[in-house]
Every structure is written in C-alpha cells, then in structure tokens.
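Here is the structure we will look at.
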Amino acid sequence: MERERTALEQARLEKIQRLREHGIEPYPTRSEVTHTTAEARALFEREEASANPNPVAATLAGRLRAVRPMGKITFAHIEDGSGRIQLFFRANELGQEALDGFNHEYDLGDFIQASGTVFRTRTGEVTLQVQSFKMLAKALTPLPAAKDEVVDGEVIRHAALTDPETRFRQRYADLAVNPEVREIFRVRAATVAALRRYLDAQGFLEVETPILQPIYGGAAAKPFVTHHNQLKQDLYLRISFELYLKRLLVGGLDRVYEIGRDFRNEGVSFKHNPEFTQLEFYMAYANYLSIMQMTEEMISFASGQVLGTQKIQFNGHEIDLTPPWRRLSLRQGLIETAGIDIDQFPEVESLLAAMRAKGMNPNPHAAWGKLVDGMLGDFLEPTLIQPTFLYDYPRDISPLAKSKPGDPQTVERFEGFIGGMELCNAFTELNDPLDQEARFLEMGREYAADDEERHPMDEDYLRAMSYGMPPSGGFGMGIDRLVMLLTDHHSIREVILFPHLRSREEE
RNA sequence: GGGCGCGUAGCUCAAUGGUAGAGCAGUGGCCUUUUAAGCCAUUGGUUGAGGGUUCGAGCCCCUCCGCGCUCACCA
C-alpha cells in the first residue's frame, strides 16, 4: 500500500510497536467473550431483581467508543452488535501500570475484551468492573466520528460523519459510526424475510433464473452488455425476471417467485441505482384484480412484521397501508390531474395536440402509450401519496399484459404507488401466443429502430407460450423502494449498502 | 448529457483579495463514580488537482476530478 499514513495513524503504529515490545499481540487469534453486552446487562438486571442476587461475571468484547480517564480510574464504553456497555477500570483492581497501559496504548475504535463483574454505578448505569482486559484488534485509522453523548438514553453524535461521498464510499466507516444506518439494513433484511414468509405461506416456490441472458426482456430498459469469451457470445445482464418466470408457469410450476438483482444501464437518481433488487411473482389462475388484493395484503403484512404497524411516516406524510387501498383508473387519474381524457384522443396526433393545448411539451416522436405514461409520471404520480392502485393501461406500453375483454387498446394492468413513487407493477399475463407475437412485432414498429428499449423478439419465449400457459397474474416490485418507504429515506442510496458511485483515482 | 451548488486539519465547520482558525479527536500533564467528564499545555494544512489574473488568491477567471440538488432519461 502506497498511501501515506496520517499523523494519527503514525501515533497508532507506534502504539502497536510498544504493545509488541511488551509481549502483547495487538491482533490475537482468540477471544474469550462469554456474553454480548445486552446479555450481560439482562443477566445483571435479572439478578438485581431477585431476592438473593448472585454476582454476574462476564467477559465482554466490542469496539471502544468512548474513554474518560480520571487519574486513578477510567470509564469507557464498548459497543458490540447488541449495544453498548460501560467499563470501569480502577487502579486498585488492575494496578497502576495496567491502567496506564490502557490509557496510553488503547484508542477509540480498537476492539477489546474485558473480564469482570457487572455492577451499577452511583449514577445508575450498568457497568462492568474490569478485572482484566486485552486488545482484540487495534484500529490503525481513527473512526471518523469524534464523540458521543447520551442524553435521556438517546445517543447524540457530535461531528458525526455526514459527508455522503465518504459515507457511501466507505460504508464500513458509516456503519461503524452511525447506528441508525445499521438499523436500515436490519429493516431491509426483515422486510425481505417477511415477503418470503408471506409468499411461502401461499404455496409459492422460490426459484432462481439466469442473470446472464442472451436476449433481455420483460421491461423497457437499456441493458448492460457483457461477453462470454469461450462461447464467443454477447450476453445481457437481466433487466427483469419476467420472461423466465413465465416459462416456469408453462412448465407446471403454478406459483413461483424470485427475489434478486436487476440491472439497468440508465441514469442514476434518488430512486434509481444501476442495480436494484426486485421481487417478482407469478400465480396461475390469478388475474390483476386478485393480485391487487394480494399486493395490499402482502405489503401491509410486511409492514406489520417489520415495524409492528400499518401506519408509516414518509417524507412528512403519515401513510396508512391498511387494506383496501384506493383504486383509480389511469384514465380517471389523468382527467383529474392532467386535465386530459385520454379516451377522447385515441390517436397520437390528437393526443399531442391536446397536450400542447395544455401547455405541455410532449416528445413528438413518442408512441401514444408513452405520451400517456409521460403524463402519468409528470402529473399523476406525485399526487399519489396514500397507497393507490392505478389500473387499466395502454396496450402499447404493456406488451406482456393481456387486453381487457372488449377493449383491445387497454390491458389489465395496474401499478401501485405510495409516497408519490411507483412501487410495483402487475398484470393479467398475456398467454395467447399469437397475440404475444403480434405485440412483439408492434413493438418493433412503434419504437424507433434505434430505441434501445425496444423489445427484441424472443422466439423461445413464444415457443413456450405456444405450449400453453395457464391464465395467470404476475407482479413485480422494487424492494429498495419498499425499504425506502418503511425506513423514511428519500434516496435509494441510503437503503443500498454499496450504492454505485463514479470510481475515483486514488494514489 | 444540461443547469445550479459544494470540495479548507482525522470528523464537523469558520476565515472583506492582505499572517489559514475553532470545537472534538491526537500528544504531554493533573484528577478514584464519570458519561460530549473537567482543567493546563500542545501537535496537526500542497485549502480536491492543474493553470491564469494580481504586489498578494481558500476567496476572482479557466480546465479537470469528485459529490449533492435539479432537468433530461427512467413500465
């Protein structure tokens, strides 16, 4: 490593030297830890409450987060995965030399181990009276947080690490220093676990389908391209799982789901990361109306499991996830927000004119459905704060959804919106192989030949359809956005451990 | 990709174009129930990088790098 050591790191290097000179290994291979800090506290409080309290002896380990030396005594706090506990070092117990050793060679950020008995200080804090201690892992670089203060049980950080660039590039430091960041990822894991539990209980089978795909599809998005050297074949990182999961319906797996990563080669924003986590499920003999019910049930179940409530705070709004959610047709929603009844303008030209008359600046080359979708995003989406199902979408932006009976230009599709953000997308799946082929051909016409979002013809998918797929409902949801809602964060980067940042030259 | 803004010590932040500072962290010392412990002393900087204007640039101008917001884009 060529990087120069800072003065602070130099000082710690010298401490490592001195420890070794005294025969102390700063990175030992074993720890003798007996309890987490939370276990030790709970054990002590139980003993304390009993008629004949027994002393609680424990060896605790964690990262040194605060030190207060006071001459012949020193107070410190260590932090492990379960929380913090105070340590009390006394020269009487340890000898002046050992105490001096702690005060001089141990730093904030070091992992240490301390053995002793638990007691309560005069101020009432459960504390380990240290009889012996040792270094578990010396931190060479100081953590980027200066100091913590506990006020009414709340930990207040002073000069906490807040610079977003450092936080995301050095997520380890962010996590080490900002406990609420660790909490986001506990919520995230619990959310995914709750969704799995829900789907498993409904008899769904969890599956894994290819990430490297010879033909991408299932969404309108630009893919990442990669190459298999030995096969001499370009491959795409998947933009959705849809076409593979529906092949499984053909194969007789009636209820399947997959939770995994999608990749889209597009701009990044507060709600877009180049790779993101998606849940898709497909259910034979279901349709978009039954999937709608299942969606509100599943999301409110997850919220209840993770947060213990259906009422969440997001962006200053209280949002109630309790079913049933509002149902609003896309047409009605646009009448109310954009002031345009799309049924009255069934042609691109007339819709363009109507939009211009309203002072909009539509893309003159867009297909009809894309114009509708644009108005949805501009006018309707920001108003959908409380959970809302928007339903019945234009056929030409939904090439995998089944048309409504008697209304071939509209498909049985809905999207779920919460907090002004699209959360999920679902439809009655198109299972007519001839109609599906016609849709693929339409896509080729409606989109310019150089539009990278154009759906490539997937012959194998059509072959699968031609074997017969049961009538089905399908569903897709961005897990990252759900976690944003449940944790009240407004940037997708906050809920992804290592969000994408432009790489930076470091000497 | 466009527009706007930001980048100063390990962290959080100051500094009319005129000697780069503070708090915390660090270092040395005092202190036996503290909890942002306190007190005394003290170290620490290529002001993101490079160029320009000027007697003089952290500050003004240009280029580049990175980050943020925003627009475009985004089922």
Side-chain angles (χ1 to χ4, degrees), chain A residues 5-12 14-15 65-77 84 86-93 96 99 103-104 107-109 119-125 127 129 141-151 155-169 173 177 218-222 239-240 242 264-274 276 330 361 363 369-370 372-374 376-377 381 390 393-394 396-401 411 413-415 422 424-427 452-453 455 476 478 490-491 493 501-507:
Chain A
R5 300 288 181 197
T6 66
L8 297 180
E9 290 171 328
Q10 281 296 342
R12 291 177 175 215
E14 286 161 19
K15 293 179 185 188
R65 292 309 308 276
V67 182
R68 294 177 294 282
M70 305 180 59
K72 301 276 187 294
I73 60 169
T74 291
F75 288 94
H77 275 95
R84 290 184 176 212
Q86 181 167 257
L87 306 181
F88 179 45
F89 300 79
R90 239 170 93 168
N92 293 17
E93 250 86 4
Q96 189 63 47
L99 184 61
N103 287 336
H104 286 105
D107 287 296
L108 297 181
F119 76 111
R120 202 178 274 278
T121 62
R122 246 177 240 168
T123 52
E125 181 163 353
T127 299
Q129 166 107 39
T141 305
L143 287 173
K147 200 172 261 195
D148 293 349
E149 175 186 18
V150 180
V151 176
V155 177
I156 297 175
R157 261 151 299 126
H158 298 273
L161 176 64
T162 55
D163 174 45
E165 184 169 358
T166 310
R167 286 188 51 227
F168 297 138
R169 284 193 197 281
V177 140
K222 296 171 197 160
I239 58 173
S240 87
E242 174 152 4
R264 296 188 183 176
N265 203 343
E266 292 167 349
V268 299
S269 80
F270 72 95
K271 51 182 178 176
H272 298 271
N273 195 60
F276 61 99
L330 174 54
N361 186 24
N363 175 358
K370 279 217 158 190
V372 172
D373 197 44
L376 192 178
E381 181 171 5
L390 221 53
Y393 276 64
D396 63 351
I397 52 169
S398 314
L400 301 163
V411 295
R413 170 179 171 190
F414 74 83
E415 293 183 311
E422 180 198 334
C424 59
N425 178 29
F427 32 88
E452 293 178 79
E453 293 176 8
H455 275 240
H490 316 113
S491 166
R493 285 183 297 265
L501 295 182
R502 193 173 268 107
S503 54
R504 187 177 208 181
E505 300 254 331
E506 299 211 40
E507 64 277 33

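Sequence lines set the chain letters: A, B, ... in the order given, protein chains first and strands last, and positions in each chain run from 1.
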Whether [X] side chain and [Y] backbone form a donor-acceptor pair below 3.5 Å:
X	Y	value
A/Asn265	A/Lys222	no
A/Thr123	A/Thr121	no
A/Ser398	A/Ala401	no

Quiz prompt | With A/Thr166 via side-chain hydrogen bond (donor to acceptor under 3.5 Å, both in side chains) - residues at least two apart | solution =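 Residues passing side-chain hydrogen bond (donor to acceptor under 3.5 Å, both in side chains) with A/Thr166: A/Asp163.
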Quiz prompt | A/Arg120: partners by side-chain hydrogen bond (donor to acceptor under 3.5 Å, both in side chains), with sequence neighbours left out | solution =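 With neighbours one apart ignored, the set is A/Glu48.
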Can you tell me the base-pairing partner of [N]? Count Watson-Crick or G-U wobble geometry only, both distances below 3.5 Å, and say none if there is no partner.
N	answer
B/G38	B/C30
B/C64	B/G48
B/G23	B/C11
B/G1	B/C71

Over all strands shown, is [X] touching base, sugar-phosphate only, or nothing at heavy-atom distances under 4.0 angstrom?
X	result
A/Arg12	nothing
A/His104	sugar-phosphate
A/Thr166	nothing

Would you mind reading off the distance between [X] atom [atom1] and [N] atom [atom2], rounded to a whole angstrom?
X	N	atom1	atom2	answer
A/Asp163	B/U12	CG	P	6 Å
A/Lys271	B/C73	NZ	C1'	12 Å
A/Leu390	B/A75	CG	P	15 Å
A/Arg65	B/A25	CZ	C1'	12 Å
A/Arg169	B/G68	CZ	P	9 Å
A/Phe168	B/C67	CZ	P	12 Å
A/Asn363	B/C73	CG	P	7 Å
A/Phe276	B/A75	CZ	P	10 Å

Quiz item: Quick one: are A/Val372 and A/Ile397 in side-chain contact, heavy atoms under 4.5 Å?
Solution: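 A/Val372 does not reach A/Ile397 side chain to side chain.
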Practice problem: Show the numbers, then the answer: is there a side chain to side chain contact (heavy atoms under 4.5 Å, CB included) between A/Lys15 and A/Asp107? | Solution: CA-CA 9 Å; A/Lys15 293 179 185 188; A/Asp107 287 296; 2.7 Å; yes
Practice problem: Go through B/U12, B/U27, B/C74 for me and flag the one nearest to the A/His272 side chain. | Solution: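 Taking heavy atoms from C-beta onward, the closest nucleotide is B/C74.
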Taking NZ, NE, NH1 and NH2 as the nitrogens, is one of them in [X] or [Y] under 4.0 Å from a carboxylate oxygen of the other?
X	Y	answer
A/Lys271	A/Glu381	yes
A/Arg413	A/Glu415	yes
A/Glu9	A/Arg12	no

Scan nucleotides 32-34 of chain B against the protein and return all N/O pairs shorter than 3.5 Å with their distances rounded to 0.1 Å.
{"from": "B/U32", "atom 1": "OP2", "to": "A/Lys72", "atom 2": "N", "distance (Å)": "3.2"}
{"from": "B/U32", "atom 1": "N3", "to": "A/Asn92", "atom 2": "OD1", "distance (Å)": "3.2"}
{"from": "B/U32", "atom 1": "O4", "to": "A/Asn92", "atom 2": "OD1", "distance (Å)": "2.3"}
{"from": "B/U33", "atom 1": "O2'", "to": "A/Arg122", "atom 2": "NE", "distance (Å)": "3.4"}
{"from": "B/U33", "atom 1": "O2'", "to": "A/Arg122", "atom 2": "NH1", "distance (Å)": "3.1"}
{"from": "B/U33", "atom 1": "O2", "to": "A/Arg122", "atom 2": "N", "distance (Å)": "3.1"}
{"from": "B/U34", "atom 1": "O2", "to": "A/Arg68", "atom 2": "NE", "distance (Å)": "2.8"}
{"from": "B/U34", "atom 1": "O2", "to": "A/Arg68", "atom 2": "NH2", "distance (Å)": "2.9"}
{"from": "B/U34", "atom 1": "O2", "to": "A/Gln86", "atom 2": "OE1", "distance (Å)": "3.3"}
{"from": "B/U34", "atom 1": "N3", "to": "A/Gln86", "atom 2": "OE1", "distance (Å)": "2.8"}
{"from": "B/U34", "atom 1": "N3", "to": "A/Gln86", "atom 2": "NE2", "distance (Å)": "3.1"}
{"from": "B/U34", "atom 1": "O4", "to": "A/Gln86", "atom 2": "NE2", "distance (Å)": "2.8"}
{"from": "B/U34", "atom 1": "O4", "to": "A/Thr121", "atom 2": "OG1", "distance (Å)": "2.9"}
{"from": "B/U34", "atom 1": "O4", "to": "A/Thr123", "atom 2": "OG1", "distance (Å)": "3.2"}

Pairwise [atom1] distance for [N] and [M], with rounding to whole Å:
N	M	atom1	result
B/U32	B/A37	C1'	14 Å
B/A14	B/G7	P	8 Å
B/G52	B/A15	C1'	24 Å
B/C4	B/A41	C1'	47 Å
B/G56	B/G18	C1'	7 Å
B/G29	B/G21	C1'	25 Å
B/G23	B/C60	P	27 Å
B/C71	B/G50	P	35 Å

Quiz item: So with a 6.0 Å cut-off around CG of A/Asn361, is the heavy-atom count from everything else above 12?
Solution: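 No, CG of A/Asn361 has 12 or fewer neighbouring heavy atoms, counting only those of other groups under 6.0 Å.
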Would you tell me if any nitrogen or oxygen in the side chain of [X] comes within less than 4.0 Å of OP1 or OP2 on [N]?
X	N	answer
A/Lys370	B/C74	yes
A/Thr6	B/G10	no
A/Arg502	B/C67	yes

Quiz prompt | With sequence neighbours excluded, residues passing ring-ring contact (aromatic ring centres under 6.0 Å, His included) with A/Phe75 | solution =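 Partners of A/Phe75 under the ring-ring contact (aromatic ring centres under 6.0 Å, His included) test: A/Phe88.
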Quiz item: So which one's nearest nucleotide on RNA chain B is more toward 5', A/Phe427 or A/Leu501?
Solution: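 Final value for this comparison: A/Leu501.
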Any N/O pairs under 3.5 Å between the protein and nucleotides 39-46 of chain B? List them or say none.
none

Practice problem: Over all heavy atoms of both residues, which pair between A/Ala220 and A/Glu266 is shortest? Give the atoms and the distance, please. | Solution: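 Taking every non-hydrogen atom into account, O-OE2, 4.2 Å.
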Exercise. Kindly give the heavy-atom pair with the smallest separation between A/Val268 and A/Pro274, and that separation in Å.
Key: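 In this case the closest contact between A/Val268 and A/Pro274 is CG1-CD, 3.6 Å.
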Table of protein N/O atoms under 3.5 Å from nucleotides 69-72 of chain B N/O atoms:
{"from": "B/C69", "atom 1": "OP2", "to": "A/Arg493", "atom 2": "NH2", "distance (Å)": "3.1"}

